[in-house]
Amino acid sequence: MVDDITGLPDDLDLDIEEDLARTETVLSVRMESRRYGKPMTIVEGFEDTTIDLKELASGLKQRLGAGGTVEGETIEIQGDHQRRLPELLREEGFAVDA
């Protein structure tokens, strides 16, 4: 069968809603100092619920070699990753506020 919106075959299994949400989402990356002065990089700006934050956070943590968590609508990654994280988010299809 063919998708009514895209005109592409359904068996391609494209997640158009999540891709669209990613391109429309503008994220910000900042750093906080936590207990004992440990740095924590915070990614904010996720407003769309179609984005799987736990899956995204897992991939980012793996690529950065760091721990972290999802708290509400933010991703928190242990360490100072302000330089590398925007690049990784852009590769995932997000716009990142400079």
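For the single chain, residues carry numbers from 1 onward in sequence order.
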Quiz: residues 68-79 side-chain donor-acceptor pairs under 3.5 angstrom, not counting sequence neighbours:
{"unit_1": "Thr74", "atom_1": "OG1", "unit_2": "Glu71", "atom_2": "O", "d": "2.8"}
{"unit_1": "Glu76", "atom_1": "OE2", "unit_2": "Arg34", "atom_2": "NH2", "d": "3.4"}

- Assess whether side-chain contact (heavy atoms from CB on, under 4.5 Å) is satisfied between Thr41 and Val29, documenting all intermediate values. CA-CA 7 Å; Thr41 306; Val29 177; 3.6 Å; yes
In the structure I gave you, are the side-chain heavy atoms of [X] and [Y] within less than 4.5 Å of one another anywhere?
X     : Y     : result
Leu89 : Leu60 : yes
Leu27 : Asp97 : no
Val96 : Val26 : no

- Message: According to ring-ring contact (aromatic ring centres under 6.0 Å, His included), does anything in residues 64-87 pair up with another residue at least two apart or in another chain? List the pairs.
- Response: none
- Task: Provide the full list of ring-ring contact (aromatic ring centres under 6.0 Å, His included) pairs with a residue in residues 32-72, sequence neighbours left out, each pair given once.
- Result: Phe46-Phe94
- Message: Looking at Arg63 and Glu92, is there a salt bridge between them, counting it only when a charged N and a carboxylate O are closer than 4.0 Å?
- Response: yes
- Message: Let me confirm one number: the OG-CG distance from Ser58 to Asp52, rounded to the nearest 0.5 Å.
- Response: 9.5 Å
- By the rule that ILVMFWY residues connect when side-chain heavy atoms come within less than 4.5 angstrom, directly or transitively, which residues belong alongside Met31? none
- Query: When Ile, Leu, Val, Met, Phe, Trp and Tyr are grouped by side-chain heavy atoms lying under 4.5 Å apart, directly or through other members, which residues fall in the same group as Met40?
  - Reply: Ile42
- Note on the structure: With sequence neighbours left out, the residues meeting side-chain contact (heavy atoms from CB on, under 4.5 Å) with Gln62 are none
